[in-house]
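To keep things clear, I will list the structure first and then write my remarks on it.
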Amino acid sequence: MLQHQRRVLRKNTVFERKGNLIVTDRGLQSLIIGQVQGDRLQQQLATTHAPGDACERAKVALDPNTLTMGFARRFTAYKRPNLLLSDPDRLYRLLSHPHYPVQLIIAGKAHPQDGAGKAMIQQWTQFLHQHPDLASRLVFISDYDMLVAEQLVQGIDLWINTPRRPWEACGTSGMKVLVNGGLNLSELDGWWAEAYAPELGWALGDRNEHDADSDWDRQEAEALYRLLEEEVIPLFYHQRDADGCPCGWVAKVRESMSRLTPQFSSNRMLQDYISTLYVPASHLLAARQDRSVAEAICRWQKDIAGHWNGLHFGELTVRSEGEVHHFGIPVYLDDLDANAIAVQLYANGNTDREAVMYPMIRGDALSGGINSYHYACDVPAGRPAEDFTPRIVPQHEACLVPLESQKILWYR
Ligand SMILES: *Cc1c(COP(=O)(O)O)cnc(C)c1O
């Protein structure tokens with residue numbers, strides 16, 4: 001252990017400064033992991049009364065000079081934590097390669113009621129039992145928690161994430177890896193769908209959704225093995241300079257750190273919250289200290305509540321001319337002030353297009369009605385006119401809608 005620590009210190013040299021980023025020697029990643037996770041594995045085996053020889057083997061698990069891959073997350077079907085196990089023989093060959101081996105650290109928990117998740121953990125432990133010779137290369141760390149995650153993201157070279165699109169909301173562990181100088185190989189889902197470029201890491205998937213299609217799972221597993229065999233492993237072991245430093249790998253780490261860390265961090269997240277939400281909200285709050293503003297808001301709320309059920313639309317008309325759809329609709333406002341609401345034209349998002357909303361503009365009063373107006377708007381004919389639906393929402397310059405009023409009246 002002491003020897004390990006000394007090696008960590010000796011190797012803990014700044015590799016290069018780029019702006020305010022520091023890229024360290026790659027060897028360091030694996031050293032930390034070998035020491036910390038090896039210790040943890042020994043403890044884990046000891047508490048489960050594993051045979052003495054298994055505990056002994058844990059002492060030499062994980063080699064600092066071997067490409068180290070990490071896969072850690074909740075074990076649940078959509079994360080496909082057994083995709084790497086689709087072809088166990090192929091995985092075995094990867095892990096046991098005599099010249100260019102890889103080592104894999106798996107960590108994770110399944111929800112107690114998630115039978116499929118638990119079965120996937122069993123699949124990994126079975127694979128481990130069937131291949132005792134892989135004990136130094138394949139490690140399952142139980143009780144995945146923030147401490148394990150912290151050590152893993154510091155120590156791994158490659159972080160693998162294989163969710164089924166579009167289920168990955170974000171994928172924050174891949175971002176944690178960024179700042180620690182690891183590279184990502186992930187499905188193009190969640191954050192990686194936004195962040196990926198070939199210079200920064202590796203991608204799985206075609207950006208389309210395939211549900212739980214087992215054929216597609218097979219194809220993605222094949223792509224995953226192929227990426228590892230043909231791209232990831234060669235990049236790590238080839239192109240080494242005289243000091244043994246993997247130049248192509250380090251170039252990718254630099255690119256990934258310098259381009260992605262400023263963009264995918266909690267600093268940026270907080271900045272976004274501050275600029276788009278907290279600051280505007282604090283201005284609105286300050287404006288409300290003025291009694292007349294507060295009273296106007298109360299009147300507006302009361303008027304909306306009192307007249308909302310009386311609002312209704314007339315017949316929608318659409319005229320399509322060349323590149324433009326002209327939409328028009330009469331709106332009957334009961335006794336509500338027309339400034340208390342907004343009429344909008346809305347279209348849902350779908351696989352090809354984002355959701356869009358256009359304000360409809362209030363025109364002339366209708367001569368055949370009281371407090372009723374014609375609303376209109378022109379939109380580009382890129383989307384079919386049937387995609388669009390008018391709606392009425394409350395509006396007040398001193399309030400945030402829909403935060404402060406959730407009412408909405410759809411045309412149909
Ligand atoms: C980061 C982290 C997660 C979330 O990881 P995802 O990639 O977003 O699924 C879950 N559990 C722990 C302990 C973590 O540290």
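Note that ligands are numbered from 1 as they come in the structure, with each ligand's atoms numbered from 1 the same way.
Residue-ligand proximity, Ser173 to ligand 1, at heavy-atom distances under 4.0 Å covers atoms 5 (O), 6 (P), 7 (O), 8 (O). Close approach of ligand 1 to Thr172 is summarised as follows: ligand atoms under 4.0 Å from at least one heavy atom of the residue are 1 (C), 4 (C), 5 (O), 6 (P), 7 (O), 8 (O). If you number the atoms of ligand 1 from 1 as listed, the ones under 4.0 Å from a heavy atom of Gly171 come out as 7 (O), 8 (O).
A centroid separation of 6.0 Å or more is found between the aromatic rings of Phe140 and Trp124. Taking the six-membered ring for Trp and the full ring otherwise, His99 and Tyr237 have centroids separated by 6.0 Å or more. If you look at Tyr346 and Phe388, their ring centroids are not closer than 6.0 Å.
Not a single heavy atom of Cys170 sits less than 4.0 Å from an atom of ligand 1. Ligand 1 is never approached by Arg74 to a heavy-atom distance shorter than 4.0 Å.
Note that Lys252 lies in the cation-pi zone of Trp202, set by a 6.0 Å cut-off to the ring centre and a 45° limit from the axis. Taking the ring axis of Tyr78 as reference, the NZ or CZ atom of Arg74 does not stay both within 45° of it and closer than 6.0 Å to the ring centre.
When hydrogens are left out, the protein atom nearest atom 9 (O) of ligand 1 is Lys79 NZ, 2.9 Å; that is the closest non-hydrogen contact. In this structure, the protein non-hydrogen atom closest to atom 2 (C) of ligand 1 is Lys176 NZ, 2.7 Å. The closest protein non-hydrogen atom to atom 11 (N) of ligand 1 is Tyr144 CE2, 3.5 Å.
Distances between N or O atoms of Asp145 and those of ligand 1 include no value under 3.5 Å.
Each of Asp211, Asp217, Asp189, Leu83 was compared with Arg164 under the side-chain contact (heavy atoms from CB on, under 4.5 Å) criterion, and only Asp217 meets it.
Residue Glu150 does not touch ligand 1, judged by heavy-atom distances below 4.0 Å. Residue contacts with ligand 1 for Val148 are absent, since no atom lies close enough (heavy atoms, distance under 4.0 Å).
A donor atom on one side chain and an acceptor atom on the other are not found under 3.5 Å apart for Gln103 and Asp63.
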Derivation of the salt bridge (charged side-chain N to carboxylate O under 4.0 Å, His left out) call for Glu222 and Arg90: CA-CA 10 Å; Glu222 169 64 33; Arg90 198 159 170 188; 2.8 Å; yes
